[in-house]
Structures are given as C-alpha cells and as structure tokens.
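Remember, it's 1-based here, ligands and their atoms both numbered in the order they're listed.
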Amino acid sequence: MAKQKILITGGRGFIGTNLMRRIRNRSPETELVVFDNGSMTVHGGAGEGTFIDEEGDVRDLAAVRRVVSGCTSIVHLAGQTRVVESIQDPELSFEVNARGTLNVLLAARDAGIRHVVLASTGGAMFGDGSNPIHEGMLPKPSSPYGASKLAMEAYAHAFAGSYGLHSAVLRFANVYGPYSGRKGSVIAHLFRQILAHEPITIYGDGSQARDFVFVDDLCDGIIQAMDAAASGIFHLGSGSPTSLTELLEKVGHVVGPDWPLEVRHAPWRVGEVRRTYTDISKAGEAFRYSPRTGLDAGLQATWRWFLDRER
Ligand SMILES: NC(=O)c1ccc[n+]([C@@H]2O[C@H](COP(=O)([O-])OP(=O)(O)OC[C@H]3O[C@@H](n4cnc5c(N)ncnc54)[C@H](O)[C@@H]3O)[C@@H](O)[C@H]2O)c1
C-alpha cells in the first residue's frame with residue numbers, strides 16, 4: 001500500500017495539533033503536511049517528529065492547489081471558529097469557511113483526491129430545540145458562523161453528486177483538552193479563570209447543558225472516518241449532556257483545594273442555548289466512533305496541561 005500523505009489545514013490550531021500527535025502515535029510512517037495562516041497557532045504543540053509546515057491561507061486557491069498536490073487525503077480544519085466574531089464580521093466567516101472550503105474541494109477534485117474530511121459544527125447548526133441533535137434534523141443556524149458551515153456542507157454534498165468527490169462532514173460538539181489554551185470554549189475559559197484567580201460567573205441557574213467531548217476521542221473519530229472513507233454528515237460528541245453545575249463540581253474536584261472556585265450568579269443571557277447534546281449512533285455504525293474518555297479523566301488531562309503551561 002502506498003504511503004499516506006495527509007494534508008491537515010488548520011493543523012497548527014487546537015484540534016489540528018492534537019490530531020497530528022494522534023496520527024503520529026498510531027502510524028509514525030504517515031507523512032503530514034500542515035497548511036495554516038498562523039492566525040490561531042498553538043505554540044510548541046507539534047512535538048517530536050517531522051512534518052511539512054506550509055504557511056498559507058485557504059482563501060488563496062492557488063496556494064491551496066500547490067499544497068494539495070501530492071497528498072493522498074485531506075482533513076480540512078482551518079476555519080473562522082468564533083461565533084461572536086462571525087456576528088461582528090459575517091463576511092470573514094463566509095470567506096474563510098464557505099469560500100475556503102470550496103477552494104479545498106476544487107483543489108482536491110483537480111488533484112484526483114477521492115475523499116476528504118471536513119470539520120463542521122453541531123451546536124451552532126441548531127439553536128434550542130429537541131435533543132439529542134442528530135443528522136436527520138433540519139439545520140437552523142442562528143449565527144453567520146453556523147450559516148457558513150452549512151454552506152460548506154452543501155458544497156460537500158454537491159461535489160459528491162457532481163464530481164464523485166466524497167466527504168465525511170463531521171459536526172463537532174464542544175471539544176476540550178490539552179492545547180486549548182487560546183480557545184474561548186467553556187472548559188478552557190474556566191481553567192484560565194481559575195489560574196488567574198478570577199471569579200466564575202454562572203448565568204441563570206446553572207442548568208444549561210452541553211456535550212463535552214475529549215479531543216483524543218474526537219481525533220480518533222476523525223482518523224476512523226478518514227480510514228473508512230465515510231461519506232455524509234456525522235455528529236461527533238460524547239453523546240450525553242453535562243450541566244454547568246455538574247461541570248463546576250467536577251472541575252472543583254480536579255483542581256483541588258489549592259485552587260478554590262469563586263462562583264458568582266447573574267441573570268440568564270439573552271439567546272443562550274439552554275440544552276444541547278448529540279446522538280452519536282450514526283458515526284458509531286459507520287466507522288465505529290466510540291468516545292471512551294470520561295469527563296473526570298478528560299478534565300484531569302486538560303488541567304494538567306494548563307498547569308504545566310503555567311510553569
Ligand atoms: N473546538 C471546538 O469545540 C469545535 C467545535 C465545532 C467545530 N469546530 C471546528 O473544528 C475546526 C478546528 O477547530 P479548532 O478548535 O482547532 O480551532 P483553532 O482556531 O484552534 O484552529 C483553527 C486553525 O485554522 C487556522 N486558520 C484560520 N483561518 C485560516 C485561514 N483563512 N487559512 C488557513 N488557516 C486558517 C488557524 O491559524 C488555526 O491554527 C474549525 O473548523 C472549527 O470550526 C471546532
């Protein structure tokens with residue numbers, strides 16, 4: 001079998017850094033190419049081993065074509081990832097997420113690549129509604145970020161129909177883990193506040209619930225979807241909800257008495273999604289996706305990384 005050469009766009013970010021380490025552990029002979037514009041780089045994350053590091057932007061089709069040439073697979077993670085930023089600048093999220101993905105698909109099609117993996121979103125695709133969320137539900141994005149990811153999904157579907165280029169479109173839940181130091185996500189934010197001895201604000205009664213998935217489990221899902229050349233849309237999460245109150249209790253145990261949590265209460269924020277979690281059975285059936293890291297163990301590993309970074 002020919003040696004694999006995998007292009008990871010956005011490979012210097014949180015999930016990309018973890019994915020590179022995971023692929024290296026599982027198959028050290030695989031050649032890795034990273035294409036990233038450096039806007040959200042994780043420093044010192046790539047670790048040991050070699051990879052080809054290409055600086056560039058997914059909005060630049062010629063640059064994407066150059067980097068895709070010679071690759072056997074693509075995991076497209078590069079993206080404008082912040083909901084609030086997309087509300088402030090909807091054109092940016094369109095250009096990076098919709099246009100950027102179209103560029104990746106065009107380059108893949110013309111380079112003869114038959115399958116790609118694309119990073120989409122679970123939470124931002126649906127507001128408050130019925131749970132668990134699943135692939136059969138009608139997406140109703142309420143932010144330009146969600147809309148740009150939905151446009152991406154539509155192009156992926158169209159490229160399968162029009163050119164035979166198939167995609168595994170993976171809708172991630174709330175991903176947490178090591179190398180998330182720059183992320184605005186709930187758990188990364190909590191650990192940063194604890195380390196800075198800042199008070200933690202609970203909006204509402206703490207019953208708001210999310211689906212937190214540990215990054216190693218998510219990365220295994222990405223690799224399995226790639227290996228199986230899975231085609232279609234799949235939700236990747238933990239499969240169960242955790243309320244903010246439960247999360248804070250677990251975080252309190254993990255950080256221990258040296259890091260006391262100061263919790264303040266404030267009224268509910270307008271538009272805050274109260275509860276969302278994912279049905280992961282389709283991914284389980286298609287490529288044996290099966291997250292195995294419990295929240296306690298995942299929080300331990302994440303906290304250890306945050307503490308080490310401080311030293
Ligand atoms: N982390 C999560 O909880 C989560 C949830 C749902 C979906 N996702 C999706 O997963 C993907 C990876 O997320 P992440 O958490 O690792 O984000 P991240 O911001 O840590 O990483 C994204 C990477 O893309 C790069 N990038 C941004 N714009 C680029 C551009 N125009 N051209 C080239 N590179 C560019 C950044 O420099 C960064 O290294 C994103 O597409 C995101 O929308 C993540």
Side-chain angles (χ1 to χ4, degrees), residues 7-22 33-43 45-46 53-61 63-64 67-68 74-86 89 91-104 107 116-126 133 141 143-153 156 168-189 210-219 221-222 233-238 276 278 298 302:
L7 169 65
I8 305 177
T9 72
R12 292 195 220 150
F14 160 50
I15 295 171
T17 298
N18 283 284
L19 181 64
M20 295 224 301
R21 298 173 79 90
R22 209 79 187 146
V33 182
V34 166
F35 183 72
D36 199 302
N37 72 352
S39 55
M40 273 289 282
T41 302
V42 172
H43 296 286
D53 192 12
E54 297 279 356
E55 179 135 348
D57 200 296
V58 290
R59 288 168 288 183
D60 177 352
L61 177 57
V64 178
V67 78
V68 161
I74 301 175
V75 180
H76 176 45
L77 299 174
Q80 184 284 324
T81 63
R82 292 173 189 242
V83 171
V84 175
E85 197 177 273
S86 82
D89 188 354
E91 284 167 284
L92 177 69
S93 54
F94 175 81
E95 285 301 327
V96 176
N97 296 344
R99 178 81 225 182
T101 302
L102 177 59
N103 286 346
V104 170
V116 297
V117 176
L118 306 175
S120 187
T121 173
M125 208 55 90
F126 309 93
I133 54 174
S143 65
Y145 169 71
S148 65
K149 290 287 188 182
L150 185 56
M152 180 194 97
E153 294 189 354
V169 175
L170 306 180
R171 289 181 180 162
F172 304 159
N174 289 60
V175 191
Y176 73 98
Y179 304 103
S180 58
R182 295 183 65 181
K183 297 298 293 181
S185 50
V186 181
I187 291 173
H189 187 60
R210 299 286 181 275
D211 184 326
F212 298 106
V213 60
F214 188 58
V215 70
D216 282 357
D217 290 335
L218 180 98
C219 288
I222 294 173
I233 293 174
F234 304 92
H235 280 275
L236 299 189
S238 72
T276 169
T278 336
T302 309

Next item on the list: Hey, could you give me the CG/CG distance between L170 and L236, rounded to the nearest 0.5 Å?
Entry: 5.0 Å
Checklist line | For F234, all residues meeting ring-ring contact (aromatic ring centres under 6.0 Å, His included), sequence neighbours excluded | finding: F287
Check: Is it the side chain, the backbone, both or neither of A173 that has a heavy atom closer than 4.0 Å to ligand 1?
Finding: backbone
Notebook entry, point to check: Quick one: which of G11, G122, S39, G16 has a heavy atom closest to atom 27 (C) of ligand 1?
Noted result: S39
Notebook entry, point to check: Considering the options S143, S86, P141, S93, which one meets the side-chain contact (heavy atoms from CB on, under 4.5 Å) requirement together with S148?
Noted result: S93
Check: Relative to the heavy atoms of R12, which atoms of ligand 1 are at a distance of less than 4.0 Å?
Finding: 39 (O)
Check: What is the closest protein heavy atom to atom 43 (O) of ligand 1, and at what distance does it sit?
Finding: Y145 OH, 2.7 Å
Next item on the list: Report the distance from atom CZ of F94 to atom CG of D89, rounding to the nearest 0.5 Å.
Entry: 13.0 Å
Margin query: Tell me the protein heavy atom at minimum distance from atom 14 (P) of ligand 1, and give that distance in Å.
Written below: K183 NZ, 3.5 Å
Checklist line | ligand 1 N/O within reach of V96 N/O, cut-off under 3.5 Å | finding: no
Next item on the list: Examine the proximity of ligand 1 to K149 and report which part, side chain or backbone, both or neither, has a heavy atom under 4.0 Å away.
Entry: side chain
Notebook entry, point to check: Any chance CZ of R99 has more than 12 other-residue heavy atoms, nucleotides or ligands included, within less than 6.0 Å?
Noted result: no
Next item on the list: Write out the residue and atom name of the closest protein heavy atom to atom 8 (N) of ligand 1, then the distance separating them to 0.1 Å.
Entry: F172 CD1, 3.6 Å
Check: Any idea which protein heavy atom is nearest atom 20 (O) of ligand 1, and the distance to it?
Finding: F14 N, 2.9 Å
Next item on the list: Test H76 against every option in V117, I8, V58, L7 by the side-chain contact (heavy atoms from CB on, under 4.5 Å) rule and name the one that passes.
Entry: V58
Checklist line | Interatomic distance, M40 atom CE to R82 atom CZ [nearest 0.5 angstrom] | finding: 4.5 Å
Check: Considering V34, L77, V215, which one's heavy-atom position lies nearest to atom 12 (C) of ligand 1?
Finding: L77
Notebook entry, point to check: Which option, V64, V58, T81, owns the non-hydrogen atom nearest atom 42 (C) of ligand 1?
Noted result: T81
Checklist line | Atoms of ligand 1, numbered as shown, that sit under 4.0 Å from any heavy atom of R59 | finding: 31 (N)
Note to self: So, using ring-ring contact (aromatic ring centres under 6.0 Å, His included) as the criterion, who are the partners of F214 when residues are at least two apart?
What the structure shows: Y176
Next item on the list: For a side chain to side chain donor-acceptor pair (under 3.5 Å) with R12, tell me which candidate from T17, D53, D36 qualifies.
Entry: D53
Item checked: Minimum non-hydrogen distance to atom 23 (C) of ligand 1, winning option of S93, G10, A188, A63 -> G10
Margin query: Among all the protein's non-hydrogen atoms, which is closest to atom 30 (C) of ligand 1, and how far away is it?
Written below: N37 ND2, 3.2 Å
Checklist line | For atom 3 (O) of ligand 1, the protein heavy atom that lies nearest, with its residue and separation | finding: V175 N, 3.0 Å
Next item on the list: Considering heavy atoms of the protein only, find what lies nearest to atom 16 (O) of ligand 1 and give residue, atom and distance to 0.1 Å.
Entry: I15 N, 2.8 Å
Check: Against heavy atoms of G56, which atoms of ligand 1 measure under 4.0 Å?
Finding: 32 (N), 33 (C)
Notebook entry, point to check: Counting each atom of ligand 1 from 1 as listed, which ones have a heavy atom of G38 under 4.0 Å away?
Noted result: 37 (O)
Note to self: How far is atom 7 (C) of ligand 1 from the closest protein heavy atom, and which atom is that?
What the structure shows: S120 O, 3.2 Å
